[in-house]
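Input: a single structure, listed below in structure tokens.
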Amino acid sequence: MNGLKSVALNNVIIRREWFGHWVYPLLFCFSLLVSLGAYLTLDSLQTAVDDYITDNQKAMVGGDVVITARQALPDDINQWVSELPPSHVVRDRQFNAMTYAGETSLLVRVKAVDVSYPLYGELKLANGLSLTELKPGQVLVERQVLTGLGLQIGDQITLGEAQFQIADEIIEEPDRPLTAFGFGARVMMLNQDLSSTGLMGQRSRVSYRVEIKTSDEQQASYIQQLENLATETQVKITSVDDAPTSISTLSTNFLKFLKLLVVAVIVLSGVGLMSVVKAFVNRQQQTNAIRRAIGEPISQLKNAYYRLFLMMTVVSVILAYGLSQLVLYFGYDAFAAIIPAQVTLSISGLSVLKVLVIAAALTLLMTHSTIQSLSMIKPVAVLQQQTQASSGWYFSRYWMILSAACLYLLMSLELSSWWLGLQVSLGLLLISVVFWLFSQMILRLLKAAINRKWIRNWLFKLSIQNIFRKGNQSMLFFTTMSMAVMVMWSIAALNHTIDQQLVSTYPENSPNMFMLDVQSDQHETLNQLIVAPVTYYPVIRARIDTVNGVSAETLKDQLGTYDNITRVFNLSYGDEVLPTEQLVSSVNDGQLFAAADHPHQTGAVPLSILDSIAEYLEISLNDEIIFDVQGIPVKTYISSIRSRFQRGPSPFFYFMFQPEAMAKAPQIQFATAKVDAEVIPQLQTTIAKQFPGITTLNGASIAKQLKGFVDQLTQLVQIFTGLSVIAGVMILITSLVSTSQDRLQESAYFRLMGMLTKDLYAINVIELMFLGLLAFLSGGVLGLLVSYGITTYWFALPFIFPWSVSLWSLLILMGTLLLVSFAYGRFVIKSNVMNLVRQMV
Amino acid sequence: MTENVLTATNIIKSFALDDSEIKVLENISLHVKQGEFVAIMGKSGSGKSTLLSILAGLDQPTAGHVILNGDDLTHMSEEDLALKRQSDIGFVFQSFHLIPTLSVQENIEFPLSIARKQNQGRVDELIQAVELGHRINSFPHQLSGGEKQRTAIARALVAQPKILFADEPTGNLDEKNADQVMQLLLDLQKAFNTALVIVTHDPALAAMADRTITIVDGQLV
């Protein structure tokens with residue numbers, strides 16, 4: 001009981017002081033609230049997605065064992081599959097095609113399945129029809145088909161050479177939870193109807209899948225048997241556990257990326273927390289000295305503070321929970337692109353526990369220095385009426401190592417990889433150091449400007465000198481703000497340029513109509529229909545067998561992540577470089593291919609490659625690549641290297657052959673044309689009717705669709721990066737609070753000497769706004785350099801400055817800083833300064 | 001024979017400044033008996049406050065020893081000194097130094113709470129003795145100077161210290177309050193048989209003491 005009363009009175013002293021000045025608990029909570037709320041939201045989303053994947057993996061994959069291929073399956077595999085019970089097998093074939101009704105056409109993604117589809121999950125249709133009730137000549141379509149073609153259920157569409165009746169509308173496909181990406185609205189039919197379209201033989205990009213239902217015990221045996229049959233083929237066999245899904249590829253990874261952003265914000269919010277705590281404890285100096293003088297042990301004193309701050313941490317976590325609930329409720333649509341509609345969102349207890357642990361660790365780390373400095377309180381100072389100097393920041397080596405270790409641990413857990421965690425942690429630290437040094441340089445230049453009397457106006461001089469006041473977190477604010485502005489500005493500038501160049505205004509010189517799967521005997525009619533010049537590109541699909549004698553499978557793990565060496569590549573042939581390319585180097589002096597008498601390996605044909613793939617494969621002139629061209633090995637050597645000087649919506653080929661080498665290979669053709677944008681929809685319909693096998697793409701429309709999806713992702717990144725701006729402002733506010741006494745003292749001197757109120761305000765306003773402007777401009781310039789470099793050298797597009805975004809964001813930042821400085825001046829300085837003046841007199 | 005509650009032997013306190021050494025106290029030896037009232041007098045800068053802080057265990061001498069209730073303070077750790085201040089020492093400061101966020105009653109109880117003790121009877125007795133029964137729920141900013149100092153006196157005595165140190169206890173009070181506070185201090189000191197050491201430059205105050213020690217330029221005269 002005695003111990004309890006002691007603890008209670010200990011806590012009472014600090015709590016009354018803490019809650020008696022609302023600014024401290026408010027800043028403490030707010031510092032943690034935004035970052036913890038964001039983390040809790042993302043963690044909950046991630047947990048929900050993970051749970052969804054776990055619960056629905058079979059439905060999303062389609063079966064327990066899945067066979068996939070880019071061409072028709074070998075007979076022995078088909079034979080093996082046909083011996084399974086039909087109710088346990090679904091054959092699934094998908095491809096893009098054009099459908100039309102009347103004079104309107106639409107790009108669709110056709111999916112032909114067996115009646116046993118789906119093996120797991122449920123195909124939800126608007127009117128409750130089931131696949132077993134689908135009659136020959138009937139299809140199921142997605143809403144986009146109805147709205148795109150202006151149709152209703154019961155109406156007819158033409159697909160290839162056949163007409164189909166729309167039987168029902170697809171609401172939900174179990175194996176297609178995310179619909180934001182992938183081109184073409186869904187049209188689903190039964191396999192027996194596929195041949196009537198006449199499209200299969202003409203298609204170059206057909207996805208063949210067989211989904212098999214089996215027990216867990218039989219799964220391994222099935223896989224083994226199928227892998228034996230699939231040897232020496234390009235058929236892939238996967239189990240339900242290994243098969244990737246759109247959610248695991250996109251949602252999980254993107255959410256992880258966003259969480260990493262938020263972890264960085266959590267670190268920043270910890271810095272703000274540190275400032276608040278320091279300001280509070282400094283204010284308590286006199287009281288703490290009295291307590292020590294009376295005989296309170298230092299451990300009791302420290303524990304009282306730890307108890308308070310941990311209690312406040314719990315309060316912050318509770319508030320973060322509330323904020324997260326609100327975000328999940330009102331902001332759900334912002335995540336629509338990456339979270340399936342069927343995912344149930346809720347905040348799990350585990351997520352809350354995680355956040356609590358992170359918050360507690362952050363609080364203990366960030367308050368450590370200040371609380372440990374209590375040991376330096378000298379009780380004798382009370383007797384001698386000394387004011388103890390504010391203790392500086394003291395970070396022991398032990399603290400630094402522990403903090404770095406905690407950051408590493410958090411990153412590793414988020415990325416599920418110790419190695420990746422290390423890389424990201426080091427990367428974050430390195431970027432922070434670079435920005436810190438950059439900020440140092442800028443602020444030193446500013447200080448030099450003051451010292452050399454380049455700033456003559458007394459008010460400006462006073463204000464800018466305040467930036468360097470002891471205890472001010474100017475460096476930290478500047479670093480945070482410039483870093484955040486750089487990231488956000490780069491994203492905004494890139495987005496703006498791409499939007500202006502490719503979406504709002506389609507590039508003038510680029511083709512805007514693309515036709516896939518063109519046959520040679522269709523050229524003449526196509527030319528007549530399109531009227532404008534049409535360029536035809538032959539496409540031969542092949543894989544890489546070896547590079548300089550090393551197999552592609554072996555190289556796959558050694559090469560970078562730029563591409564996948566084992567995938568199917570599109571080869572082409574021609575006599576000249578494409579209009580958007582230039583020759584970089586050649587064995588034959590400016591020629592694409594070597595002269596006929598060039599000494600080369602026996603049986604090898606000359607090959608021209610793009611510099612990007614040369615870099616990826618780490619090859620150069622005269623190196624050897626052996627291709628597998630649909631079963632036939634073709635040995636080549638590099639005779640020239642090309643480079644693209646203009647990127648954008650125009651075709652390119654990594655590998656180009658001489659016509660004589662590939663003209664006779666099985667091929668399809670890809671055609672492009674530049675036409676009046678308004679006639680493209682009509683042309684698409686005309687071509688679809690005339691040549692059902694050709695898929696026509698509207699370049700501008702595709703670009704717009706892509707942009708829409710990218711915009712959603714960009715928006716999310718901007719929101720979470722924006723949190724770091726908030727963290728920066730918090731650091732500024734806590735810095736103001738921690739230096740209040742000094743500022744007040746100084747203001748009292750100024751007032752005593754007759755300074756007017758407006759000038760008292762102006763000192764703080766000019767200080768904050770100047771610092772903010774400097775940070776914004778610094779971050780903006782860096783962002784300009786980054787986005788200019790990426791736009792010009794990576795995308796090969798002219799850079800367009802985003803005036804509107806820049807001005808708006810500058811306005812918002814300056815407005816915020818004006819508000820903060822004005823409020824500070826009004827409520828802190830003005831309301832207390834005269835008391836201090838009287839005391840001085 | 002009344003035992004010494006405090007014995008200081010050959011106390012030296014010096015500070016290093018650049019290359020020279022400044023001696024604030026030089027070979028001071030004194031003792032205080034249980035229940036005795038000793039006044040330490042001297043002008044400003046004579047070293048009397050420094051001496052008080054050393055005697056009270058708030059500071060360490062450069063040389064010499066301070067024995068308080070049988071324990072040598074001069075080699076104690078900071079934590080042991082704090083424990084000593086809890087149990088054997090009481091303080092009254094010129095600027096009162098009450099905890100601003102505690103009420104009168106809580107301020108008085110505070111030394112007991114940090115020592116993990118409870119003695120409500122003692123607390124009530126002292127509140128009555130300092131005549132603050134009607135102000136127990138008031139906070140320091142609501143009290144007059146005299147009331148603050150009376151609270152501080154009660155706080156200093158609540159843990160039944162062996163010795164009470166007071167640094168210019170009436171320095172911030174008007175004459176009427178000063179007399180009242182001083183009389184109170186003496187009455188309570190006698191009532192509880194607590195040794196009392198007061199630092200003062202007021203001869204009238206010193207005249208009330210059983211013994212006066214004068215310091216001039218860091219030395220006893």
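These numbers come from the heavy atoms of this one structure, side chains and all, not from hydrogens, waters or symmetry mates. Sequence lines set the chain letters: A, B, ... in the order given, protein chains first and strands last, and positions in each chain run from 1.
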> Run the side-chain contact (heavy atoms from CB on, under 4.5 Å) check on B/F91 and A/I290 step by step: do they pass?
Replying inline: CA-CA 10 Å; B/F91 272 111; A/I290 295 169; over 6 Å; no
> Any idea which heavy atoms bring A/R16 and B/T101 closest together, and the distance?
Replying inline: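 The pair with the smallest heavy-atom distance is NH1-O, 2.8 Å.
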> Looking at A/L9 and B/S113, what are the two nearest heavy atoms and their distance?
Replying inline: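 Result for this residue pair: CD2-OG, 3.5 Å.
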Taking [atom1] in [X] as the centre, count heavy atoms belonging to other residues, nucleotides or ligands within less than 6.0 Å. Is the count above 12?
{"X": "B/N193", "atom1": "CG", "result": "yes"}
{"X": "B/H201", "atom1": "NE2", "result": "no"}
{"X": "A/F30", "atom1": "CZ", "result": "no"}
{"X": "A/F468", "atom1": "CZ", "result": "yes"}

Is there side-chain contact between [X] and [Y], with heavy atoms separated by less than 4.5 Å?
{"X": "B/F110", "Y": "A/N10", "value": "yes"}
{"X": "B/H97", "Y": "A/R291", "value": "no"}
{"X": "B/P100", "Y": "A/T287", "value": "yes"}

> With only heavy atoms counted, which part of B/F96 is less than 4.5 Å from chain A, the side chain, the backbone, both or neither?
Replying inline: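 Neither; nothing under 4.5 Å.
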> Between B/L81 and chain A, which part of the residue has a heavy atom less than 4.5 Å away: side chain, backbone, both or neither?
Replying inline: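 When you check distances to chain A, no heavy atom of B/L81 falls under 4.5 Å.
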> Considering only heavy atoms, which portion of A/R15 lies under 4.5 Å from any heavy atom of chain B: side chain, backbone, both, or neither?
Replying inline: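 Nothing of A/R15, per the 4.5 Å heavy-atom cut-off to chain B.
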> Once you round to the nearest 0.5 Å, how far does CG of B/L83 lie from CD of A/E296?
Replying inline: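 Separation between the atoms: 11.5 Å.
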> Out of B/R155, B/Q86, B/R85, which one pairs with A/I294 under the side chain to side chain contact (heavy atoms under 4.5 Å, CB included) rule?
Replying inline: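 Output: one option passes, namely B/R155.
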